[in-house]
Amino acid sequence: MKKVGVVIDSWKLPIFKRQLDAAGFSYTEHPGITADTLLLKVKTDLIGSLQPIVEKANAECAARKVSI
């Protein structure tokens, strides 16, 4: 099984967790590249299956950021 790294802003974690959990992905959380980011190591056999989930989570984050 492959691991894919997804770096996100820390405030996006609840959204990404919800989306990844709903899609059945297994992942671990790690410190990001800066103090306000996190690295999610996501396990997947098909990297392409993760892309739509990441895009959906990013879209939700963008919508929430605009409404704040």
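- Side-chain heavy atoms closer than 4.5 Å link hydrophobic residues (I, L, V, M, F, W, Y) into clusters, and following such links, possibly through other members, connects V54 to L13.
- Shown here for F16 and C61, the closest heavy-atom pair between the two residues is CE1-SG, 4.0 Å.
- With rounding to the nearest 0.5 angstrom, the CD atom of Q19 is 12.0 Å from the CD atom of E55.
- The minimum heavy-atom distance between A57 and I15, with the atom names listed, is O-CG2, 3.8 Å.
- With respect to R64 and E60, a salt bridge is recorded, a charged nitrogen being found less than 4.0 Å from a carboxylate O.
- Qualifying side chain to side chain contact (heavy atoms under 4.5 Å, CB included) partners for A23, counting only residues two or more places apart in sequence or in other chains: F25, I53.
- Not a single side-chain hydrogen bond (donor to acceptor under 3.5 Å, both in side chains) links D9 to another residue, sequence neighbours left out.
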Contacts under 3.5 angstrom, residues 42-50 side chains, donor-acceptor by atom type, not counting sequence neighbours:
{"residue": "T44", "atom": "OG1", "partner": "L46", "partner atom": "N", "Å": "3.2"}
{"residue": "T44", "atom": "OG1", "partner": "L46", "partner atom": "O", "Å": "2.9"}
{"residue": "T44", "atom": "OG1", "partner": "S49", "partner atom": "OG", "Å": "3.4"}
{"residue": "S49", "atom": "OG", "partner": "L46", "partner atom": "O", "Å": "2.5"}

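- A 4.5 Å side-chain heavy-atom check between I33 and L39 finds every atom pair outside the cut-off.
- Surrounding CD of Q51 are at most 12 heavy atoms belonging to other residues, nucleotides or ligands under 6.0 Å away.
- Each of K12, K41, K17 was evaluated against E29; a single residue qualifies, K17, per the salt bridge (Lys or Arg N to Asp or Glu O under 4.0 Å) test.
- The line from CG of L40 to OG1 of T28 is 8.0 Å long, rounded to the nearest 0.5 Å.
- The structure places CG of D36 at 6.0 Å from OG of S10, a figure rounded to the nearest 0.5 Å.
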